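Values in this document were obtained by computation on a predicted structure and should not be read as measured data. Each chain gets a letter, A, B and so on, in the order its sequence line appears, and its residues count up from 1.
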Amino acid sequence: MLQLNYIRENKELVIERLAIKNFDASIIVDEIIELDNLRKSTQTVLDNTLSEGNKLAKEIGKLYSTGQREKADEIKVQTGELKKKAKELEQKLNDVVANLNEKLVELPNIPHPSVPKGNTDADNELIHEEGSMPQLHENAIPHWELASKYSIIDFDLGSKVTGAGFPFYRGKGARLQRALINFFLDEALEQDYLEYQPPLLINADSGYGTGQLPDKEGQMYYAGEDDLYLIPTAEVPITNIYRNVILKEKDFPIKNVAYSSCFRREAGSYGKDVRGLNRLHQFDKVEIVQIQHPKKSYETLEIMKDQISDLLRKLELPFRIVRLCGGDLSFTSALTYDFEVYSAAQKMWLEVSSVSNFENFQANRMKLRYKDEGGKSQLAHTLNGSALALPRIVAALLENNQTEEGISIPAALREYTKFDMIN
RNA sequence: GGAGAGUUGGCAGAGUGGUCGAAUGCGGUGGUCUUGAAAACCAUUGAUCCUUCACGGGAUCCAAGGGUUCGAAUCCCUUAUUCUCCGCCA
């Protein structure tokens, strides 16, 4: 969330910038500042009341130890009243703080100056495109047909056992998954990331820390009996490692990578673009997360962008990079690059990765800080990106590499798959 | 799942109702000494919030939340979590 002081000092700017995200903050910002004023004044009165009570309590202690019982009892009457008053003030303060917090978590992150205006993905800014479009043979078919032709992914079986969007991968399909995961992890290790295997369920505090709660509550699977959420991305557990942590400047950059299954309810997204692997409830992803010094986070974002580009290059997939417009930018992000791979049989671009700088938005929620040179606590910056998400990569690989003889595996992957063709 | 014992500052660890934000050790930082380093010695060393131009003053925090009390790290309740034993189990 945004820092209170920042909102106070840059009220007009906040309103103006959030408008790029199509968020009208004009009313809520005033409410927030007003609540904060109330919070301050209430705390001042409460502190003074408690201070007085503390003084009297000490006096009573002294009087008891010197045997002046009666005098002590007189003072007790006063402390009783102070106590009552303090309790009321405390209640009020709690209410105000809760109210304030409720409003604060509703404010999205402020977009970076480079973020273009716009409402939908049509307004995203194309910043890079590379790779040659595959020329498919006449009988080329989309990946869901290839999947059943070669018996490598079974969507119907998934529906039987679980439900739509939970496919089985089988034979070379399963081995291709495993190969991609290992390939992505190894590539990240080459770049000095530390590998983690995170829990797949998280508590509500973690959900708030990275911003899935309360914004995306309905998009996560929820295990009610234990009050836990299935992770929509490894970003959540991996970033929350640093919740309530104070780092040292020399700790930067922190570079973590994790493979995990991801679970998304995708409530409300029906109709087109959900066939086959295009949109699943459970999918696999390798995620890279960095914690960085505020001054270096945008430099780091570019590096992460290059790393992801390199993966797609090695997989020989034609791809393009877009800078998300305000309307397409997520609640928590300040700047996001989306990577899209061309899926030749579907004749469309599929999003395979998002890499984002959250600046201190998540860090503020998580209280993720570092000590600066002057010994003061400052909020760190968090970044993450998919490197990469499997299903659409698999879709593109199957479609783009199909031949009359079968589907050929790109050279970089063969040492992982240990086969060259799916046939 | 059952029984018992824990949870204190970066770490280890004392503290069982007032003088405790908390002994001591280690670690960190600064300094003395040294050609330099180590050792030794000296000093310093938590977070958040309110208030103040500033110096400073104040409040809160001993797993989390609630309670008892004039006063709680210390007593009571709830929850989380760790360890040991038993049970179950991949």
Side-chain angles (χ1 to χ4, degrees), chain A residues 1-9 32-105 197-209 213 223-229 237 240-252 254 261 291 360 363-380:
Chain A
M1 65 194 165
L2 302 179
Q3 293 180 94
L4 252 170
N5 279 340
Y6 185 85
I7 296 173
R8 293 186 80 100
E9 285 160 24
I32 284 170
I33 292 173
E34 212 168 291
L35 277 169
D36 193 40
N37 289 337
L38 184 58
R39 180 194 123 253
K40 286 183 176 187
S41 59
T42 308
Q43 172 146 9
T44 304
V45 181
L46 172 63
D47 281 1
N48 290 339
T49 309
L50 288 173
S51 177
E52 218 172 308
N54 286 344
K55 260 184 227 150
L56 291 178
K58 271 186 190 151
E59 242 172 84
I60 290 170
K62 264 184 211 148
L63 291 173
Y64 270 130
S65 64
T66 53
Q68 297 173 270
R69 263 195 175 286
E70 282 172 26
K71 236 177 183 174
D73 288 339
E74 270 172 46
I75 299 178
K76 271 196 196 181
V77 179
Q78 288 180 56
T79 57
E81 274 164 32
L82 283 173
K83 212 175 149 187
K84 213 170 131 195
K85 188 176 164 197
K87 200 148 212 182
E88 279 166 19
L89 285 165
E90 217 167 296
Q91 184 60 48
K92 184 179 169 193
L93 184 64
N94 284 344
D95 288 348
V96 171
V97 168
N99 211 327
L100 178 60
N101 209 43
E102 229 170 82
K103 293 241 187 308
L104 271 175
V105 296
Q197 269 198 27
L200 303 182
L201 285 90
I202 48 120
N203 57 30
D205 282 347
S206 295
Y208 277 98
L213 293 174
E225 194 160 354
D226 295 295
D227 196 20
L228 296 172
Y229 298 83
N240 273 283
I241 292 171
Y242 305 95
R243 175 151 47 82
N244 288 319
V245 166
I246 300 180
L247 299 164
K248 301 192 178 87
E249 264 188 89
K250 63 174 188 209
D251 295 333
F252 294 129
I254 288 173
S261 291
I291 316 289
N360 63 25
N364 193 29
R365 289 189 172 208
M366 284 191 294
K367 303 275 168 282
L368 160 51
R369 292 159 295 179
Y370 69 94
K371 291 276 189 198
D372 67 15
E373 283 167 19
K376 276 191 75 179
S377 294
Q378 305 286 353
L379 293 172

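- Under the Watson-Crick or G-U wobble criterion, with both distances below 3.5 Å, B:A3 is paired with B:U84.
- At the heavy-atom level, A:S377 lies under 4.0 Å from the strands shown only through sugar-phosphate atoms.
- Residue A:Y64 has its side chain nearest to B:C70 when only B:C50, B:C70, B:U48 are considered.
- In this entry the distance linking CG of A:L368 with P of B:U48 reads 13 Å, nearest Å.
- You'll find that the side chain of A:K76 is closest to B:C70, out of B:C49, B:C70, B:U51.
- Between A:R369 and B:A47 there is no side-chain polar atom (N or O) within less than 4.0 angstrom of OP1 or OP2.
- Heavy atoms only, all atoms of each residue included: A:M1 and A:R365 are closest at N-CG, 3.2 Å.
- Checking B:G71, B:A59, B:A47 against the side-chain heavy atoms of A:A57 singles out B:G71 as nearest.
- Counting any heavy atom pair closer than 4.0 Å across all strands shown, A:K87 reaches sugar-phosphate atoms only and no base atom.
- Across all strands shown, B:A37 has no partner, as no Watson-Crick or G-U wobble contact with both distances under 3.5 Å is found.
- Within the nucleic acid shown, A:K83 comes within 4.0 Å of at least one base atom, counting heavy atoms only.
- Across the protein-nucleic acid pair, A:N94 atom CG and B:U60 atom P stand 14 Å apart, rounded to whole Å.
- Place A:R39 and A:D47 on RNA chain B by their nearest nucleotides, and A:R39 ends up nearer the 5' end.
- In this structure, A:R8 places its CZ atom 14 Å from C1' of B:C49, rounding to the nearest Å.
- Contacts of A:K40 with the nucleic acid, taken as non-hydrogen atoms under 4.0 Å apart, involve only primed sugar atoms and P, OP1 or OP2.
- Between the side chain of A:D251 and the main chain of A:K248, a donor-acceptor pair closer than 3.5 Å is present.
- Look at OH on A:Y370: it is 20 Å from P on B:G46, rounded to the nearest Å.
- Residue-level contact check: A:R69 touches neither bases nor backbone, having no heavy atom under 4.0 Å from any strand.
- Counting any heavy atom pair closer than 4.0 Å across all strands shown, A:L50 reaches sugar-phosphate atoms only and no base atom.
- Distance alone, capped at 3.5 Å, is enough to place a donor-acceptor pair between the A:D372 side chain and the A:K376 backbone.
- Straight-line distance from the CG atom of A:D36 to the P atom of B:C49: 11 Å, rounded to whole Å.
- In this structure, CG of A:L4 is placed 14 Å from C1' of B:C50, rounded to the nearest angstrom.
- Backbone-only contact: A:N54 has heavy atoms under 4.0 Å from sugar-phosphate atoms and none from a base.
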